[in-house]
Amino acid sequence: MQLSSLVYLLSAVLVTVSQDVSITAVERAFRAANIPTDLNIVFQPTALLEVSLPQASGPPIRLHAGIQVPRNDTAGPPSFNVVGNVGRGPFVVATVDPDAPTPQDPTEAQIRHFLGGNFLNEGGKLVNSTPAISEFLQPTPPAGSDAHRYIFLLFDQSPQFATQTLVNSSTSIASFNISQFATAVNLGNPIAGTFMLVAPPSS
Ligand SMILES: *[C@@H]1O[C@H](CO)[C@@H](O)[C@H](O)[C@H]1NC(C)=O
Ligand SMILES: *[C@@H]1O[C@H](CO)[C@@H](O)[C@H](O)[C@H]1NC(C)=O
Ligand SMILES: *[C@@H]1O[C@H](CO)[C@@H](O)[C@H](O)[C@H]1NC(C)=O
């Protein structure tokens, strides 16, 4: 076996087993990345949200909080699992980028990269029975930008979510505000989350 394929194999194995395993570690990573402050959220998770990005070849990439993922590996769409005693749902999953166009000057933030409801907990797998409001949009940090944070949050779904008219599939994905949205539709605080860093492809 060539060294390059050995390295590839090893990194694939490492990536495969690297999902979040500790709620405390996730909370710490969110704080270290200043996410609760930047998103205006209270983040005291009671469960783990597992996010898997399918790959053209090889196993999916499973996120752990703060992992840097090459942009080309983020096409998705991601699949979601929950670990913890959270009941059957329904749940809402939201993904936002608070760093657009750059972390230093996020004038377009937040970008809504995913917003979907009616996820049910099927033995840990989160299965949505309806189309998402915003289907997953691959990260596209602009050339020259530092890496952006792409933050996945899991909420218990409120009755108000089903009848909300704030956001639909034709609403601009820019200038979204997850804390404002969560307050408006009574989602409460997120019960789980994780995040990845994605930089523009190096040219
Ligand atoms: C990423 O994908 C683009 C287009 O699919 C390709 O041109 C480029 O070579 C890829 N870069 C890497 C580092 O794989
Ligand atoms: C989306 O919401 C806007 C603003 O409330 C509304 O004008 C538009 O008709 C809605 N579009 C769809 C597809 O529901
Ligand atoms: C989002 O909304 C909250 C209120 O829920 C507000 O405090 C905060 O400044 C808003 N963030 C942005 C980036 O506009």
Side-chain angles (χ1 to χ4, degrees), residues 26-47 49 51 63 65-66 68-69 71 74 76-78 86 89-120 128-200:
V26 172
E27 206 177 337
R28 203 183 305 126
F30 268 61
R31 268 204 311 276
N34 212 41
I35 291 170
T37 303
D38 289 350
L39 293 190
N40 291 94
I41 56 169
V42 174
F43 189 65
Q44 287 165 350
T46 56
L49 175 63
V51 179
L63 304 192
Q68 178 132 9
V69 180
R71 195 262 165 186
T74 60
V86 294
F91 302 97
V92 171
V93 177
T95 308
V96 296
D97 169 8
D99 296 324
T102 65
Q104 291 80 4
D105 192 23
T107 51
E108 295 161 13
Q110 299 151 23
I111 306 291
R112 191 173 65 253
H113 277 261
F114 183 83
L115 181 64
N118 301 317
F119 279 93
L120 294 178
N128 60 344
S129 47
T130 55
I133 296 172
S134 301
E135 293 293 353
F136 182 73
L137 185 78
Q138 182 173 14
T140 50
S145 173
D146 289 339
H148 293 199
R149 296 165 292 176
Y150 296 85
I151 303 158
F152 296 80
L153 299 170
L154 181 69
F155 296 89
D156 279 319
Q157 184 170 317
S158 60
Q160 291 93 324
F161 182 83
T163 54
Q164 67 83 25
T165 54
L166 295 170
V167 178
N168 62 39
S169 56
S170 44
T171 314
S172 169
I173 57 168
S175 301
F176 185 59
N177 183 327
I178 188 59
S179 82
Q180 199 175 59
F181 180 79
T183 302
V185 303
N186 210 19
L187 293 180
N189 299 323
I191 59 169
T194 194
F195 68 102
M196 63 179 172
L197 303 174
V198 181

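Quantities reported herein were computed from a predicted structural model and do not represent experimental measurements. Start at 1 and go down the list; that is how both ligands and their atoms are numbered.
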Inset, instruction - Compute the shortest N/O to N/O distance between N168 and ligand 2 and return yes if it is under 3.5 Å, no if not. - result: yes
Legend entry - Non-hydrogen side-chain atoms of H148 and I111 separated by less than 4.5 Å: no
Legend entry - Residue pair D146 / Q104, side-chain donor-acceptor N/O under 3.5 Å: yes
Inset, instruction - Select the closest option to atom 14 (O) of ligand 3 among D38, T107, N177, judged by heavy-atom distance. - result: N177
Legend entry - Close N or O approach (T183, ligand 3; < 3.5 Å): no
Legend entry - Heavy-atom side-chain proximity of I151 to F43 below 4.5 angstrom: no
Legend entry - Check: F176 and T171 side chains under 4.5 Å, non-hydrogen atoms: no
Legend entry - Flag, side chain of E108 to backbone of I173, donor-acceptor distance under 3.5 Å: no
Inset, instruction - Please verify whether a non-hydrogen atom of N40 lies at under 4.0 Å from ligand 3. - result: yes
Legend entry - Minimum-distance protein heavy atom relative to atom 5 (O) of ligand 2: T165 O, 4.1 Å
Legend entry - atom 13 (C) of ligand 2: nearest protein contact (heavy atom, Å): S170 OG, 3.8 Å
Legend entry - Side-chain donor-acceptor pair present, N128, T130, cut-off under 3.5 Å: no
Legend entry - Geometric class of the F152/F136 ring pair [parallel <30°, tilted 30-60°, perpendicular >60°]: parallel
Inset, instruction - Ignoring hydrogens, tell whether any protein atom lies closer than 4.0 Å to atom 7 (O) of ligand 2; use the non-hydrogen atoms only. - result: no
Inset, instruction - Under 4.0 Å from a heavy atom of Q180: give me the atoms of ligand 3 that qualify, with their elements. - result: 2 (O), 5 (O)
Inset, instruction - Looking only at protein heavy atoms, identify the closest one to atom 4 (C) of ligand 3 and say how far it is in Å. - result: S179 OG, 3.9 Å
Legend entry - Polar contact flag for Q110 and ligand 3 (N/O pairs, less than 3.5 Å): no
